[in-house]
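Please read these numbers as outputs of a predicted model, since none were measured by experiment. Just so we're on the same page: letters track the sequence lines, and every chain starts at 1.
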2 protein chains.
Amino acid sequence: MALNTTFKAIADPVRRQILEELRQNRQSAGEIAAHFNLSQATVSYHLKLLRSAGLVTVTKEKNYLYYELNASVFEEMLTWLYRFSGKQGDDNNDEA
Amino acid sequence: MALNTTFKAIADPVRRQILEELRQNRQSAGEIAAHFNLSQATVSYHLKLLRSAGLVTVTKEKNYLYYELNASVFEEMLTWLYRFSGKQGDDNNDEA
DNA sequence: GAAGTATTTAGAGAATTTTCGAAATAGTTT
DNA sequence: AAACTATTTCGAAAATTCTCTAAATACTTC
């Protein structure tokens, strides 16, 4: 359920690029949008998906919305993937 | 480029379930299809995407095509994700 | 409180993805 | 080689995702 949303969120190249941007430091929606050749509305749409996947969190300051990474959700994906990497990890099969 | 194909491949729940199935043991296309409420053609389509993402390999035997996991490609995804997991991994920024 | 700035939401079109049934391919068995 | 089995490919419909412009929200500053 949650994992599905998360994997879908990360499947889009624009959204992965946004995550890369945020890896450096938190940024406002406008700053993020400035890195792309897309409308502000489109970037906002991508940010919404990242938010609902839990990959980023938002904090309001003045009239800016600052986005930053939320590391813990990445770890869920890592856990899921790790079981396939030949390391013969735990056998939990939930939530494919 | 390759990473994009791989992340897209893993974004679909049917395909993730196929990977789960293959984690137990290799299976023919028909065996895989039997686990789903989908036509053989549809499962074949998903298998093609998994194949072109490099997540599975195929070997022919009699007139069966056996699919099995290819662990190494999972590791590429793990590497990409790991950098976001708070562990402050390497700084390589290629191929978002 | 009016004007301005930052951002999201709404509505709609374009593009991509998923699905199916039918036909094609390829190998096997008799 | 004819009939059978396993699987893929084709063509098209349905569903989902991505994008845009325009309008709405919400906060700040003058």
Side-chain angles (χ1 to χ4, degrees), chain A residues 1-22 25-70 77 96, chain B residues 1-22 25-70 77 96:
Chain A
M1 176 58 23
L3 247 200
N4 189 46
T5 307
T6 311
F7 275 120
K8 275 204 201 137
I10 221 160
D12 182 273
V14 170
R15 289 191 292 269
R16 284 200 306 283
Q17 188 62 51
I18 290 173
L19 294 173
E20 294 283 5
E21 301 291 350
L22 295 180
N25 39 50
R26 73 173 199 168
Q27 284 178 50
S28 72
E31 290 173 311
I32 295 166
H35 295 115
F36 295 92
N37 210 358
L38 295 169
S39 71
Q40 173 85 265
T42 296
V43 174
S44 183
Y45 158 79
H46 286 299
L47 288 171
K48 180 159 90 173
L49 296 194
L50 288 171
R51 227 184 311 135
S52 61
L55 289 163
V56 301
T57 57
V58 203
T59 40
K60 180 134 213 175
E61 235 167 87
K62 295 184 70 177
N63 51 347
Y64 297 85
L65 283 172
Y66 285 99
Y67 284 83
E68 71 190 305
L69 291 184
N70 176 26
M77 279 189 287
Chain B
M1 178 90 306
L3 247 199
N4 189 45
T5 308
T6 310
F7 276 120
K8 274 202 202 139
I10 221 159
D12 182 273
V14 171
R15 290 192 291 271
R16 284 199 307 281
Q17 188 62 52
I18 291 173
L19 294 173
E20 295 283 6
E21 301 290 351
L22 295 179
N25 38 48
R26 73 174 200 168
Q27 285 179 49
S28 70
E31 290 174 311
I32 295 165
H35 295 116
F36 295 92
N37 210 357
L38 295 170
S39 71
Q40 173 83 268
T42 296
V43 173
S44 183
Y45 158 79
H46 285 299
L47 288 171
K48 179 159 92 172
L49 295 194
L50 289 172
R51 226 184 312 136
S52 63
L55 290 163
V56 302
T57 58
V58 204
T59 41
K60 178 134 214 175
E61 234 166 89
K62 295 184 72 178
N63 50 348
Y64 297 86
L65 282 173
Y66 285 100
Y67 283 83
E68 72 189 305
L69 290 183
N70 177 27
M77 279 189 288

d(NZ, B:Lys60; P, C:dT25) in whole Å: 14 Å
Whole angstroms only, please: what is the CG-P distance between A:Leu65 and D:dT28? 11 Å
For B:Asn37, is the CG atom crowded, meaning more than 12 foreign heavy atoms sit under 6.0 Å from it? no
How many whole angstroms separate atom CD1 of A:Ile32 from atom P of C:dT7? 9 Å
Look at all strands and tell whether B:Phe36 reaches a base, only sugar-phosphate, or nothing, counting heavy atoms closer than 4.0 Å. nothing
Counting only side-chain heavy atoms from C-beta out, which of D:dA26, C:dT8, D:dT19 sits nearest to A:Leu47? C:dT8
When you measure from the side chain of A:Arg51, which nucleotide among D:dC27, C:dT8, C:dT17 comes out closest? C:dT8
What's the separation between atom CG in A:Asn70 and atom CG in A:Leu19, rounded to the nearest 0.5 Å? 11.0 Å
Taking the side chain as everything from C-beta on, heavy atoms only, tell me whether A:Arg15 gets closer than 4.5 Å to A:Ile10. no
Below 4.0 angstrom from OP1 or OP2 of D:dT17, is there any side-chain N or O of A:His46? no
Rounded to the nearest 0.5 Å, the CD atom of A:Gln27 sits from the CD atom of A:Glu21 at a distance of 5.5 Å
Taken to the nearest whole Å, NZ/B:Lys8 to P/C:dT17 is 5 Å
Classify A:Leu49 by what it touches in the nucleic acid, base, sugar-phosphate, or nothing, heavy-atom distance under 4.0 Å. sugar-phosphate
Pick the closest DNA chain C nucleotide for B:Ala41 and for A:Val43 by heavy atoms, then say which residue is nearer the 5' end. A:Val43
Can you tell me if A:Ser28 touches the phosphate of C:dT7, counting only side-chain N or O atoms and a distance under 4.0 Å to OP1 or OP2? yes
Decide yes or no, distance alone: a donor-acceptor N/O pair under 3.5 angstrom between the base of D:dT28 and the side-chain of A:Asn63. no
Atom CD of B:Glu61 to atom P of C:dA26: distance rounded to whole Å? 20 Å
Counting side-chain heavy atoms from C-beta on, which of D:dT7, C:dT7, C:dC20 comes nearest to B:Tyr64? D:dT7
B:Lys62 NZ to D:dT7 P, in whole Å, measures 12 Å
Stepwise side-chain contact (heavy atoms from CB on, under 4.5 Å) check, A:Leu55 with A:Met77: CA-CA 11 Å; A:Leu55 289 163; A:Met77 279 189 287; 3.8 Å; yes
Say you draw a straight line from CG of A:Leu22 to CD1 of A:Ile32; how long is it, rounded to the nearest 0.5 Å? 4.5 Å
Given C:dC20, C:dT17, D:dC18, identify the nucleotide with an atom nearest to the side chain of B:Tyr45. C:dT17
Does B:Thr42 place a side-chain N or O at less than 4.0 Å from the phosphate oxygens OP1/OP2 of C:dT18? no
Quick one: is A:Ser44 getting a side-chain N or O under 4.0 Å of the C:dT7 phosphate, OP1 or OP2? no
Take the protein atom NZ of B:Lys48 and the nucleotide atom C1' of D:dA6, then report the distance between them rounded to whole Å. 17 Å
Give the rounded distance in Å between these two atoms: CD of A:Gln40 and P of D:dA26. 17 Å
Side chain of B:Tyr67: nearest nucleotide among C:dT18, D:dT8, D:dT19? D:dT8
